[in-house]
There are 2 protein chains.
Amino acid sequence: MNTNRDNPNQEFPESQVPQAVISRLSLYLRELQRLVREGQETTSSTQLGSLFGFTDARVRKDLAYFGQFGYPGIGYRVEELITAIKGILGTDQSWEVIIVGIGNLGRALLGYKGFENQGFRIVGAFDSDPAKTDTQIDGVPVYAIEHLADFVTSRKIRLAIIAVPAMAAQKVVDQLVEAGIDGVVNFAPVTISLPKSIQLIGVDLAIELEQLSFAVVNQRENP
Amino acid sequence: MNTNRDNPNQEFPESQVPQAVISRLSLYLRELQRLVREGQETTSSTQLGSLFGFTDARVRKDLAYFGQFGYPGIGYRVEELITAIKGILGTDQSWEVIIVGIGNLGRALLGYKGFENQGFRIVGAFDSDPAKTDTQIDGVPVYAIEHLADFVTSRKIRLAIIAVPAMAAQKVVDQLVEAGIDGVVNFAPVTISLPKSIQLIGVDLAIELEQLSFAVVNQRENP
DNA sequence: TAGATTGTTAATCGATTAACAATC
DNA sequence: TAGATTGTTAATCGATTAACAATC
């Protein structure tokens with residue numbers, strides 16, 4: 001065994017990996033980082049799974065998509081597994097990220113410490129309101145929206161966060177795509193269309209509350 | 001047909017409805033609300049699905065969990081389907097919601113207009129910092145955290161949003177559960193444990209970027 | 001009527017779990 | 001060694017899709 005630990009296979013069979021697996025990897029990573037802070041050196045699929053109500057088999061299967069990271073009889077070395085998962089998620093490197101739209105939400109995201117810790121550095125912000133531009137917020141320079149495309153192209157920015165009003169979102173995304181962006185997290189409550197090769201994650205805060213409403217009204221048993 | 005439209009079955013077989021279906025209902029609702037603004041009166045499973053890259057069969061199946069809402073040969077009446085989905089999600093009524101933690105993110109959520117539109121009214125905010133309490137932000141009163149339990153109990157608040165630091169989240173949730181909360185949206189990047197009967201939705205902003213990072217690194221084809 | 005589209009069944013596809021030999 | 005735990009296979013479970021009679 002250990003072929004992947006010793007000689008990591010970079011050609012992940014990504015088309016076969018379910019999206020749900022990737023979400024769970026992020027959850028594992030978050031808990032592993034907590035465990036390492038608490039000084040724990042090894043963990044097991046049973047321990048990791050029980051934190052989320054997953055079976056041990058599911059944890060092992062999730063990791064098995066990407067290689068062999070554990071030691072039979074021992075479990076997983078926490079530090080090692082953190083490194084492995086970061087490698088899988090692509091957060092072993094640091095990403096330069098921009099934010100478009102400096103309203104309430106954009107400003108909050110600018111100041112959010114959680115990004116930096118996970119390998120995402122906000123290097124620029126953009127807004128159409130001249131009153132907000134050519135300043136710095138939380139140490140991040142705020143530019144006029146007119147400079148968006150240039151910035152993305154010249155700085156080779158790959159990831160962007162959209163926090164503009166719903167009406168403006170599609171146009172902003174179109175500009176980003178034109179400028180060569182690779183992925184977008186969209187907080188505007190609107191469905192965005194874009195080329196298949198550009199990655200999109202949508203986060204709709206009202207929808208999260210709707211999901212909660214349904215769960216409460218229907219008294220779901222949660223795991 | 002039409003038994004459910006005429007005599008809605010309130011006993012949804014909720015345990016059989018996959019979580020993914022509920023997420024899609026929220027997406028359908030958002031697009032239906034846009035269609036109604038654009039003056040469209042009817043839609044079809046094909047149109048609705050194509051907006052998201054879903055098959056028409058999937059859209060019909062999703063709705064079929066809850067009743068019969070369409071008209072063969074015609075499709076779905078947009079207004080009618082909006083009403084039906086709101087009924088399913090429980091957002092035909094308005095919910096009173098509180099926010100705990102008035103940092104950058106909490107403040108942004110306080111001012112977020114999208115909640116009100118979907119039937120969620122923020123009626124109180126709570127923080128441990130005396131400098132922030134006994135004021136109003138965006139028309140919402142901010143109280144000391146000590147008043148949290150009393151407020152939830154006496155006002156019979158059912159839904160709460162947590163935007164406190166990770167370290168404080170579990171304690172806040174414990175207080176809310178004790179005070180009788182029914183559901184929580186947690187923005188703190190930490191795994192929360194709570195009784196099975198209390199509903200929990202976790203939103204981790206850094207995890208959203210991690211998911212994007214993986215997708216970009218692995219050049220996923222999106223639908 | 002002919003064309004469109006639903007709701008639903010059966011077939012397909014994919015994900016989860018249980019079990020266990022291999023390993024430390 | 002005995003106990004613990006992995007990675008993986010086969011069986012199970014669940015979700016999606018294709019197809020079509022029923023309906024407008």
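Here is how names work: the chains are called A, B, and so on, in the same order as the sequence lines, proteins then strands, and each is numbered from 1.
- A:Gln19 CD: more than 12 foreign heavy atoms inside a 6.0 Å radius.
- Residue B:Thr46 is classed as having no contact, given no heavy-atom separation below 4.0 Å to the nucleic acid.
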With side-chain contact (heavy atoms from CB on, under 4.5 Å) as the criterion, how do A:Thr42 and A:Tyr71 come out once you've worked through the C-alpha distance, each side chain's angles and the decisive distance to 0.1 Å? CA-CA 10 Å; A:Thr42 66; A:Tyr71 302 86; over 6 Å; no
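- Expressed to the nearest 0.5 Å, how far CG of B:Leu148 lies from CD1 of B:Ile157 amounts to 10.0 Å.
- Taking side-chain N and O atoms only, A:Tyr76 has a distance below 4.0 Å to OP1 or OP2 of D:dG7.
- Residue B:Asp56 is the one, among A:Ile74 and B:Asp56, whose nearest nucleotide of DNA chain C lies closer to the 5' end (criterion: closest heavy atom).
- To the nearest 0.5 angstrom, A:Ile162 atom CD1 is 7.0 Å from A:Ile98 atom CD1.
- Rounded to whole angstrom, the span from the CD atom of B:Gln19 across to the P atom of D:dC13 amounts to 22 Å.
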Check step by step if side chain to side chain donor-acceptor pair (under 3.5 Å) holds for A:Arg60 and A:Ser45.
CA-CA 6 Å; A:Arg60 294 198 299 279; A:Ser45 55; 3.0 Å; yes
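- Remark: B:Leu89 CG to B:Ser26 OG distance equals 4.5 Å, nearest 0.5 Å.
- Considering only side-chain N and O atoms, B:Thr55 lies nowhere under 4.0 angstrom from the phosphate OP1 or OP2 of D:dT16.
- Residue B:Arg60 places at least one side-chain N or O closer than 4.0 Å to OP1 or OP2 of C:dT6.
- The distance from the CD1 atom of A:Ile99 to the CG atom of A:Leu105 is 8.5 Å, given to the nearest 0.5 Å.
- To the nearest angstrom, C1' of D:dT16 lies 18 Å from CZ of B:Phe52.
- For A:Pro72, taking side-chain heavy atoms from C-beta onward, the closest of the listed nucleotides D:dG7, D:dT5, C:dT6 is D:dT5.
- Phosphate proximity of D:dT8 to A:Gln68: present, with a side-chain N or O under 4.0 Å from OP1 or OP2.
- Using a 4.0 Å cut-off on heavy atoms, the residues of residues 22-31 of chain A that approach DNA chain C are A:Arg24, listed by number.
- Looking at which nucleotide of DNA chain C each of B:Lys61 and B:Thr43 is closest to, the 5′-most match is held by B:Thr43.
- For the OP1/OP2 pair of C:dT16 and a distance below 4.0 Å, the side-chain nitrogens and oxygens of A:Arg58 include at least one atom meeting the criterion.
- If you measure from atom CZ of A:Phe66 to atom P of D:dT6, you get 18 Å, rounded to the nearest angstrom.
- Below 30°, between 30° and 60°, or above 60°: for B:Tyr28 and B:Phe52 the angle between ring planes is between 30° and 60°, a tilted geometry.
- Note that CG of B:Leu109 is 10.5 Å distant from CG of B:Asn104, once rounded to the nearest 0.5 Å.
- Taking atom CG of A:Leu63 as the reference point, atom P of D:dG7 lies 7 Å away to the nearest angstrom.
- Taking atom CD of B:Gln47 as the reference point, atom P of C:dA4 lies 15 Å away to the nearest angstrom.
- More than 12 heavy atoms of other shown residues, nucleotides or ligands fall within 6.0 angstrom of atom CD in B:Gln40.
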Output field dot_bracket for DNA chain C (Watson-Crick or G-U, both distances under 3.5 Å, | for other-strand pairs) contains ..||||||||||||||||||||||
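- If you take CZ of A:Phe69 and C1' of D:dT5, they are 17 Å apart, rounded to a whole angstrom.
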